[in-house]
*Asks:* 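Input: one structure, supplied below.
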Amino acid sequence: MDIEDLRVFVEVADSGGITSAARRLAVSKSMVSRALTRIEGALGTQLLARTTRGAGLTEAGALFRDHAARVCAEIDIAREAILPEGDLRGRFRVAVPLTSGPVHFAPVLAKMARHHPQLQIHADYSDRFADLIVDGFDCAIRVGALRDSNLIAKRVGQIYGKLVASPDYIRLHGSPEVPEEIASHQALVGAETWRFVDGEKIITVQPQGRFRTENGMALASAAAEGLGIAWLPDCVTRDYLAAGVLVPIMTRFPLPVGGVYVVRPSSPHPSRKVRVLSEFLIESFETDAHFEAPRVDAVKSVPLAATQRSVPRS
């Protein structure tokens, strides 16, 4: 069974059909169909149910997709191990946060693609937490709070945040001076808990409000409309603050410093693509005023359970 045929099948499974897979692979539909025919012939079973409306995976196809994706990933790792100094090649799937991704991470991915012309980067921008293994991602860039799992996280940068509100909201409702007063205000809720630094202590409050979303830009927009106070990273609020549409409040109690992470599935042989992306990100944060590169002793990869939770993801 040809490894390139397996890659074609995985692309068909992930893109939802032969036409979309051919478009993403930049090949003809007949080439995709022939690859599928060869695989089905070798397996002796139908993997794709073809209809007039398109194609969908059979039960056998859905099961085989995960095995095929793992085989392709292992082959890529083996090639990188043999030729560690060569150009990166093949497909590289990355889950990127929608809020901060297009501004802060898209240029990094573009730079990586420019340095490695044989690399095919597929970036999925979304604020949902993607299942890297089930969805077939090589890694994810995540900002702020991380969920415990068997994934490996490498801290590549730091992020700062503020509690903000619009001048109109402050004029009508006042501004909280201490964390305990937040309970009497309308909060724009992205994270279930808000944390503030008080000397050596961390104060945790549970905000209440009628506007909830996990998207940082949506929270900033709602705050600018005067709907309430928001707990947001600087990379989301900087333009609003510069325009005076939002202002910092309760500055005596800063937000804890959050992390920017590259998260990958656990493997004894991490992909060089992931390592290279991490290096590009660390380099980019050194010149970004709203992110900071981590200290040298903080860049090692660690299980997610050992990482810090703080600033809301963006």
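Note that the numbering runs from 1 along the sequence shown for the chain. Just so it is clear, the model here is predicted, and its values are computed rather than measured.
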*Asks:* Tell me whether Glu40 contacts the main-chain N or O of Leu48 through its side chain, where contact means a donor paired with an acceptor under 3.5 Å.
*Replies:*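 Side chain of Glu40 to backbone of Leu48: a pair is present.
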
*Asks:* Which value, rounded to the nearest 0.5 Å, describes the distance between Arg264 atom CZ and Leu132 atom CG?
*Replies:* 11.0 Å

*Asks:* To the nearest 0.5 Å, what is the distance between CD1 (Ile182) and CG (Leu163)?
*Replies:* 5.5 Å

*Asks:* Side chain of Tyr240, backbone of Val164: donor and acceptor closer than 3.5 Å?
*Replies:*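 No, Tyr240 side chain to Val164 backbone: no donor-acceptor pair under 3.5 Å.
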
*Asks:* Would a distance-only check, ignoring hydrogens and angles, find a side-chain to backbone donor-acceptor pair under 3.5 Å from Asp124 to Ala95?
*Replies:*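 A pair under 3.5 Å: no.
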
*Asks:* Ignoring hydrogens and angles, tell me if any N or O in the side chain of Ser284 forms a donor-acceptor pair with the backbone of Leu281 under 3.5 Å.
*Replies:*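 Pair found, side chain donor or acceptor close to backbone of Leu281.
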
*Asks:* Go through Glu192 and Arg212 one step at a time and tell me if the salt bridge (Lys or Arg N to Asp or Glu O under 4.0 Å) criterion holds.
*Replies:* CA-CA 10 Å; Glu192 292 301 319; Arg212 291 174 177 262; 3.4 Å; yes

*Asks:* Would you say the side chain of Arg70 lies within less than 4.5 Å of the side chain of His67, judging by non-hydrogen atoms?
*Replies:* yes

*Asks:* State whether Asp14 and Arg65 are salt-bridged, where the test is any N-O pair (Lys NZ or Arg NE/NH1/NH2 against Asp/Glu carboxylate O) under 4.0 Å.
*Replies:*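 So Asp14 pairs with Arg65 through a salt bridge.
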
*Asks:* To the nearest 0.5 Å, how far apart are CG in Leu109 and CD1 in Ile141?
*Replies:*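 Nearest 0.5 Å value for the CG-CD1 distance: 5.0 Å.
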
*Asks:* Do Leu36 and Leu57 belong to the same hydrophobic cluster, where Ile, Leu, Val, Met, Phe, Trp and Tyr are linked whenever their side-chain heavy atoms lie under 4.5 Å apart, directly or via other members?
*Replies:* yes

*Asks:* Can you classify the ring geometry of Phe196 versus Trp194 as parallel (below 30°), tilted (30 to 60°) or perpendicular (above 60°)?
*Replies:*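 Answer is perpendicular, since the angle exceeds 60°.
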
*Asks:* So, do Gln186 and Phe211 sit near enough that their side-chain heavy atoms are less than 4.5 Å apart?
*Replies:* no

*Asks:* Do Val245 and Ser166 come within less than 4.5 Å of each other through their side chains, counting heavy atoms only?
*Replies:*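 A side-chain contact under 4.5 Å is absent here.
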
*Asks:* With rounding to the nearest 0.5 angstrom, report the CZ to SG distance, Arg275 to Cys139.
*Replies:*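 With rounding to 0.5 Å, CZ (Arg275) is 12.5 Å from SG (Cys139).
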
*Asks:* Would you call Phe105 and Val94 a side-chain contact if the rule is heavy atoms closer than 4.5 Å?
*Replies:*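 They are not in contact (no side-chain heavy atoms under 4.5 Å apart), so the answer is no.
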
*Asks:* Between Gly258 and Arg155, which heavy-atom pair has the shortest distance, and what is it?
*Replies:* O-NH2, 3.3 Å

*Asks:* So does Met217 get a backbone contact from the side chain of Ser221, meaning a donor-acceptor N/O pair under 3.5 Å?
*Replies:*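 Looks like no, no N/O pair under 3.5 Å.
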
*Asks:* Quick one: CG on Asp138 to CZ on Arg93, what's the gap to the nearest 0.5 Å?
*Replies:* 8.5 Å

*Asks:* So do the side chains of Pro176 and Ile229 get within less than 4.5 Å of each other, counting heavy atoms only?
*Replies:*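 A side-chain contact under 4.5 Å exists here.
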
*Asks:* Looking at Thr58 and Gln46, would you say the former's side chain and the latter's main chain have a donor-acceptor pair under 3.5 Å?
*Replies:* yes

*Asks:* Quick one: are Arg91 and Glu11 in side-chain contact, heavy atoms under 4.5 Å?
*Replies:*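 Of all side-chain heavy-atom pairs linking Glu11 with Arg91, at least one is under 4.5 Å.
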
*Asks:* Would you find more than 12 non-hydrogen atoms of other residues, nucleotides or ligands less than 6.0 Å from Glu59 atom CD?
*Replies:*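 Result for CD/Glu59: open.
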
*Asks:* Is it the case that over 12 heavy atoms from other parts of the model lie below 6.0 angstrom from the CE atom of Met31?
*Replies:*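 12 or below, so no.
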
*Asks:* Can you tell me how far CZ of Arg89 sits from NZ of Lys273, rounded to the nearest 0.5 angstrom?
*Replies:* 10.0 Å

*Asks:* For the residue pair Leu47 and Val12, establish whether any side-chain heavy-atom pair is separated by less than 4.5 Å.
*Replies:* no

*Asks:* For the residue pair Phe280 and His116, does the interplanar ring angle fall in the parallel (under 30°), tilted (30 to 60°) or perpendicular (over 60°) class?
*Replies:*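 Taking His116 first and then Phe280, their aromatic rings stand perpendicular (interplane angle over 60°).
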
*Asks:* Does any non-hydrogen side-chain atom of Pro256 lie less than 4.5 Å from one of Ile202?
*Replies:* yes

